[in-house]
Number of protein chains: 2
Amino acid sequence: MTAKSPTAQEAVLRELRADIVLGVLAPGSQVVQESLAHRYGVSRVPLREALKILEGEGLVTYHPHRGYFVMELSVDDLTEVYRLRSLLEAEALRAAVSTLTDEDLEQLRGLLGQVEQSSGEGDLESLTIANRAFHFAIFERSAMPRLVRVLQQLWDATDVYRAIYFRSEVNRARIDGEHRHILAALDARDPEAAIAAHEVHRSHSVQVLGTQLAE
Amino acid sequence: MTAKSPTAQEAVLRELRADIVLGVLAPGSQVVQESLAHRYGVSRVPLREALKILEGEGLVTYHPHRGYFVMELSVDDLTEVYRLRSLLEAEALRAAVSTLTDEDLEQLRGLLGQVEQSSGEGDLESLTIANRAFHFAIFERSAMPRLVRVLQQLWDATDVYRAIYFRSEVNRARIDGEHRHILAALDARDPEAAIAAHEVHRSHSVQVLGTQLAE
DNA sequence: CCTAGCAGGATTGGATCCAATCTGTGGCTA
DNA sequence: TAGCCACAGATTGGATCCAATCCTGCTAGG
């Protein structure tokens, strides 16, 4: 049903994530394996393996003999994720900034260009992807693979909210400016400035999302 | 073959973890599903689901159409894990120490008693369990479930080494003392002292393990 | 002698089928 | 009327079977 993938579990994993993030699967609702497998055009086996991954990421919960349920994220959970991101991204930046090469910065500039283009066009799908590519290109320069993995999980867990955040044009304009601050700090090879810029970046989004989540 | 469990995947998961931790499954070697499934007396389905969980925890790696391989941890990986633990456990302690009740402290004293008993008897299996129970009883008081989850993963990833560490009587004697320092800091409701005590606790083990790992 | 290509076996990925467990409903009893 | 038990349907858990892919060793050609 989607782009080809070496294995069905991967394809299902992507679709499942998208469906959870976009709210197609209501938070708190049970994941009925049969119907979902049918929806994705596969059997239950690869679906279950994908669910096990999502369980590890905290996007779904699992109760033996009762099944999987879409996680519902609370304000507390959101703030906890951002607190952890704050700690861990600071560490990644400390490790990354000092080792940045000129080629790295050139690459980051290119990625940022894609972010801004998607942002301008209002293409939320590609904006989400480009934004993530930009930030993780930085984090990966830390040469701390396990740290990057944990950060991936934390980002995955809040993709739902990021999509909401990007919907507003005001927010999109703001992140463009914040991204340029980040890049400037990286250009100057100033770790503390980069950490501070990220702090601002995150605190804005968690603030907006927190109030929006309280409805 | 083991204690009963509501589902086979859970039982397999425990056995698999033990076999990896104890080195029965050599690091770097491929996990041949058929033979392992036979070994545990189940089919390949629950085994694969258990492997997906371990993949999420970083105990095994997965390559599509090639299978799962037991992760081999390098010194770099070990130090990275401990660096992350340092950051995250400090955060957990900051959140936990201030809210500790007298009952909590009583419970911790009980858990520590079990640790020391197992340590004295040289029962490594129950020592591993009791040690973990003690430390996570503290972390869980942070009321930050996601943080606890990440810490669980980090601990899981280095269980292999912890088992080695406990083997030496000298090390066991040392951790008993370190645990008492931790408990004293908690008794005093002094977060910074607790963080410092943990720092000492970790740095000893990472130091010993690091040299031992370099063989 | 070295390399490309091609079987054959081994191993994983996925689908289908059956067993085990849970959930909800209705009837019975105190 | 409230509570408990039994039964039926739904749903998950696990086993077996088949298809797709990968790896190994051999062979043929340069």
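Computed over heavy atoms, backbone and side chain alike; hydrogens, waters and symmetry mates excluded. It should be emphasised that the depicted structure is a prediction, and the values quoted were computed from it without experimental measurement.
OP1 or OP2 of D:dT12 has at least one side-chain nitrogen or oxygen of A:Q30 nearer than 4.0 Å. An OP1 or OP2 oxygen of D:dG13 is reached within less than 4.0 angstrom by no side-chain nitrogen or oxygen of A:Y68. An OP1 or OP2 oxygen of C:dA15 is reached within less than 4.0 angstrom by no side-chain nitrogen or oxygen of A:Y40. Between B:Q9 and the phosphate of D:dT12, there is no side-chain N or O to OP1/OP2 separation shorter than 4.0 Å.
If you measure from atom NE2 of A:H63 to atom P of C:dT21, you get 19 Å, rounded to the nearest angstrom. Atom CG of A:L47 is separated from atom P of D:dT11 by 14 Å (rounded to the nearest Å). At whole-Å resolution of the value, NE2 in A:H65 and P in D:dG9 are 21 Å apart. Rounded to a whole Å, the NZ atom of B:K52 is 12 Å from the P atom of C:dT12. With rounding to whole Å, A:E10 atom CD is found 14 Å from C:dG14 atom C1'. Taking atom CZ of residue A:R48 and atom C1' of nucleotide C:dA15, one finds them 12 Å apart after rounding to whole Å. For the pair A:Q33 CD and D:dA10 C1', the computed distance is 12 Å after rounding to whole Å. Rounded to whole Å, the distance from CD on B:E34 to P on D:dC17 is 11 Å.
Ring geometry for B:F69 versus B:H63: interplanar angle over 60°, hence perpendicular rather than tilted (30 to 60°). Using the six-membered ring where Trp is involved, B:W155 and B:F136 have ring planes that are perpendicular, over 60° apart on the 30 and 60° scheme.
Contact annotation for B:V12: no contact, since no heavy-atom pair falls under 4.0 Å across all strands.
Counting only N and O atoms by type, the side chains of A:T128 and A:N131 include no donor and acceptor under 3.5 Å apart.
At a cut-off of 3.5 angstrom, counting only N and O atoms as typed in the model, there is a donor on one side and an acceptor on the other between the side-chain of B:R44 and the base of C:dG13.
Between A:R66 and A:E49, it is A:E49 whose nearest contact on DNA chain C lies nearer the 5' terminus.
In terms of modelled atom types and a separation under 3.5 Å, the side chain of A:R172 and the main chain of A:F166 share a donor-acceptor contact.
Distance from the side chain of A:V32 is smallest to D:dT12 among C:dG14, D:dT12, D:dG14.
Cation-pi check for B:R85 over B:Y82 is met; the charged atom lies under 6.0 angstrom from the ring centroid and within 45 degrees of its normal.
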